[in-house]
Every structure is written in structure tokens, then in C-alpha cells.
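Written out below as C-alpha cells is the structure these notes cover.
The figures here come from the full heavy-atom set of this structure, side chains too, leaving out hydrogens, waters and symmetry mates.
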Amino acid sequence: MIKGMALTILSGLDAVILIGFLVGYLKHTKIKNAGNAVFYALAAGLLFSFSLVYTLKHLSIEKEVEVFFTFTGFLLTAMIILWAFLQKKAVSEKEKTKDNFIPKVLIFVYCLYLGILYETQIFRVPSKISLDAMQSAGFDTQYFLIYCGVITGILLLILFLFALVNFLRRSPTDLSRRLLLTVNFIYLGKLSIMAVYGLIFVDILPSTPSLISKVAPFYNNIGLFSYFFLFATGVILILNLFIKTDGNIGHESLNRAEIRKIKAQKKKRLFWIKFPASLAGIFILILSANYISMKRTVSLVPAVPLKPVNGVFEIEKEKVNDGELHRFSYETMDDVTIKFFIIRKSEDAYGVVYDACDICGAAGYYQQKDSVICRRCDVLMNKATIGFPGGCNPIPINFRVENGKIYITKKELLKKEEIFRG
């Protein structure tokens, strides 16, 4: 259950922080009913997310979708930052107008982007946790606990969103604007790393070893960004406990009623700082427990070093016919060790894959009975699914079987060399 909760929180955390800070700040702007634009965007995002989940399940376009959302997100986040820079002062409800069409459209599209991207990730959590449970007949206990964790995670995210909105609303206008800019600049940093990789993917930037060696360590660990984002948000909330906004208290011109009102406002603001900070602390505990569990020491099958003969690797079938995971490695001329493994799935069906996936990078896999498990995110994969792309499944390698041997070309193996750098 905790695994489902942790992965759900990780899947939606970035969006909750960004939307929470945005909606909270909107109270200080001239845009009337701006919250409706956010609500409609997230509702529309649900519909697109269902379609995207179905598409990703049946088509191997995960990397193309990631690149599209990276470039889209980079552009929209930069526009939100520019818009926030141009905002100057707070306004009263009477000053708010309806003739803010362009900002409303920007807010709608930005939240639609966040909704589609992160709602899709949340919907895909159950399948990431256990393909065995998804493939089993009926509604078993494991399946039930997975969804209990997912639902609990969603409820905690909604509560965190509500708390962040109220924190920003009760903060001074200029402080709210600065905080909105801060979280978006942090998010833009993540998108910048992903955008460089995207430019390499679409062949706009050359995939030179030097460039890839610099980008790969950051890109392969991009999943850790949400941990950093949560920690940064917690720090922001804690620092706000020491920011005084009650300078008028004690002023001679104020009567007792006004002083009581100011003190009440101060109490409310402190509550809406402590509450989301407490939730952030709970999130950190949940994610830390799950991360420690995922990072537990697992003895991996040692990799057998191979060398190609005339540009081809040859592995005898009889050496991998026991149904166990057999790991191999090849050290390139750039001193990069590429690891892959072979597992016999049925009578004459083999899974030949890299010891890495598109989500977790070169984390490594180990076998437990008829399941293959990712060491980084603890995802279980039925042995029968090894060799099929998508999700946290290891990346397939093209191969051929002839004369009792499995053949893999050196050119084919080098296609994913960048994943194993760094």
C-alpha cells in the first residue's frame, strides 16, 4: 500500500506544487474568476489523460510523448514566469476585471499541460507497481492494496494543494509573486535538462559522446527531482515562519478590534504555513521509507563480459535455457560498460534486453521466481513480458536465433550506450 501511495505522490507532486502556488497567487491579481480556468483545465486534462494512457499502452511512443511535453512545458513555464514578472501590485475584488482574456488562456493552457502530464502519470501508477496483479484474474488482495495506496496518495495530494493555495492567499502580494517565480524557475531547471536530451533525440543536437556524457547523469536521475522539489517547498514554508507581516500591531492609531483582527489574521497565516509544512514532512517520511525499501541491497547476478566476433555477440542457447536471468556486459572503447540480460520465457522464446529502462535508467534488474524486478523502483514484471517495450520494462534489444545460438550485433547494442554513462 505504501508503495502505491509513494508512487502516486511522486507522480503528482510537481503539478500540485506548481498549481497550488499559481492559484494562491491569483487572488492578488486583476484576473476575475481565474480559479475557474484552472478547474476547467484540470477537468479537461482528465479526459485527455485517459486517452493518453490508452495510447501509451498500445503504442511504443513513450519517448516521443515525453519530448513533446518537455518542449511544451518549457515554453509554457517560461511564459508563466514572464507573466508573473510583469505583475506589480495587489488589487481588491472591485478592481478585478473580466477583460483578461490572454492571461486566462495562458493559465488554462499551462494547467491543462500539467493536468494531462501528471494525471496520466497517476493513472499509470498501478501498472507500474505490479504487472502481475494487472494480469491476474479477479480482484485479489494485492490489487486492492495497490488501489488503496493510490487513492490515499491522491487524497493527500489534494489536501496539500488546498493547503498551498491558502498559504499563498494569506501571504503578502510581492512575497506570493516571488514564491511563484521561485517554484517555476526550479521546474524550468528540470525541463532544461530534459529539453537538451529531447534535442538530441530529435537530432537537432549532435549525439556526441562528450555531450551525452554530460547530460546522461542528470537525465538518468531526473526522477529524483520531485524529492528536491518537495524539500525546496518545505524549506520555503519553514522560512516563511520567520517572515513578519504584522508591522502594524501596536500602532497607536489602531483600536482593540483592529488589533484583534490583525492578530487573528496572523494566527491563520501561521496555521496555513505549518499545515502544508507538516504535510510536506509526512510526504518526505513516506517517500524516504519507500526509497529506502527500493534501495535495499539486492545481490545481482554477476555480468559475464563478452567480446564481439566480427561485430556480433554470440551466446549459446543451452547456457541460458534454465529460465533464470543471465547478465552480460560489454565495455566500449569509451570505457562505458553496457549491461544486458537474457531470460528464457517459454519453450523457444527469449527476452533479450538492456539492464536498464527509459524511466529508471541503468538501475539493474533481479529475478524473483517468475518475476523480474527493477532495483530502483521495485516494479514487478512478469517474466513473459520481458522483451516488450513500455513502462519500467527493460529496453528490448533486437536479436536473432540461429543454429542454437543467440546473435546480437555490436551496432544494435551500442544504440543505448548513453544510458550507461555516468
Flag side-chain contact, heavy atom, 4.5 Å: [X] against [Y]:
X	Y	result
Y354	F420	yes
L325	Y366	no
E417	D334	yes
D174	R177	yes
T182	F21	no
V67	Y197	no
L155	L159	no
T70	F74	no

On a heavy-atom basis, which atom in [X] and which in [Y] lie closest, and how many Å separate them?
X	Y	answer
A362	I419	N-CG2, 3.8 Å
A195	F71	O-CE2, 3.7 Å
L22	C111	CD2-SG, 3.9 Å
L181	A84	CD2-CB, 3.6 Å
G115	L42	CA-CD2, 4.0 Å
P276	L164	CB-CD2, 4.1 Å

Between atom [atom1] of [X] and atom [atom2] of [Y], what is the distance when rounded to the nearest 0.5 Å?
X	Y	atom1	atom2	result
N36	I107	CG	CD1	11.5 Å
K27	N166	NZ	CG	9.0 Å
I238	K274	CD1	NZ	12.0 Å
L279	I284	CG	CD1	11.0 Å
I342	I315	CD1	CD1	4.0 Å
I395	D355	CD1	CG	10.5 Å

Which salt bridge (charged side-chain N to carboxylate O under 4.0 Å, His left out) pairs, counting each pair once, include a residue from residues 223-232, with sequence neighbours left out? none

List for me each residue that meets side chain to side chain donor-acceptor pair (under 3.5 Å) alongside Q367, sequence neighbours excluded, and say none if there are none.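 Q367: no side chain to side chain donor-acceptor pair (under 3.5 Å) contacts found.
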
By side chain to side chain donor-acceptor pair (under 3.5 Å), which residues pair with R169, not counting sequence neighbours? none

With sequence neighbours left out, what residues match [X] under ring-ring contact (aromatic ring centres under 6.0 Å, His included)?
X	answer
F185	none
F340	F328
F229	F225
F69	none

So, [X] side chain and [Y] main chain: donor-acceptor pair closer than 3.5 Å or not?
X	Y	value
R327	Y365	yes
H28	L168	yes
N240	I236	yes
T332	V336	yes
K345	I386	yes
Y40	L112	no

In a table with atom names and distances, give each donor-acceptor pair under 3.5 Å that connects a side chain of residues 45-53 to protein atoms at least two apart or in another chain.
{"unit_1": "S49", "atom_1": "OG", "unit_2": "G45", "atom_2": "O", "d": "2.6"}
{"unit_1": "S49", "atom_1": "OG", "unit_2": "I116", "atom_2": "O", "d": "3.3"}
{"unit_1": "S49", "atom_1": "OG", "unit_2": "T120", "atom_2": "OG1", "d": "3.4"}
{"unit_1": "S51", "atom_1": "OG", "unit_2": "L47", "atom_2": "O", "d": "3.3"}

Pairs in or reaching into residues 266-286: which pass ring pair (Phe, Tyr, Trp, His ring centres under 6.0 Å), with residues at least two apart or in two chains? F160-F283, F162-W272, F271-F275, W272-F275

Not counting sequence neighbours, which residues clear salt bridge (charged side-chain N to carboxylate O under 4.0 Å, His left out) with K415? List them please. E412

I122: partners by side chain to side chain contact (heavy atoms under 4.5 Å, CB included), with sequence neighbours left out: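 Expected list: T8, S11, I154, L157.
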
What pairs meet the side-chain hydrogen bond (donor to acceptor under 3.5 Å, both in side chains) rule with one or both residues in residues 184-195, with sequence neighbours excluded? D14-K190, Y110-N184, Y113-Y187, Y118-Y187

Above 12 or not: heavy atoms from other molecules or residues under 6.0 Å from CZ of R178? no

Enclosure of I102 CD1 (heavy-atom neighbours >12, cutoff 6.0 Å):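 At most 12 heavy atoms, drawn from other residues, nucleotides or ligands, come within 6.0 Å of this atom.
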
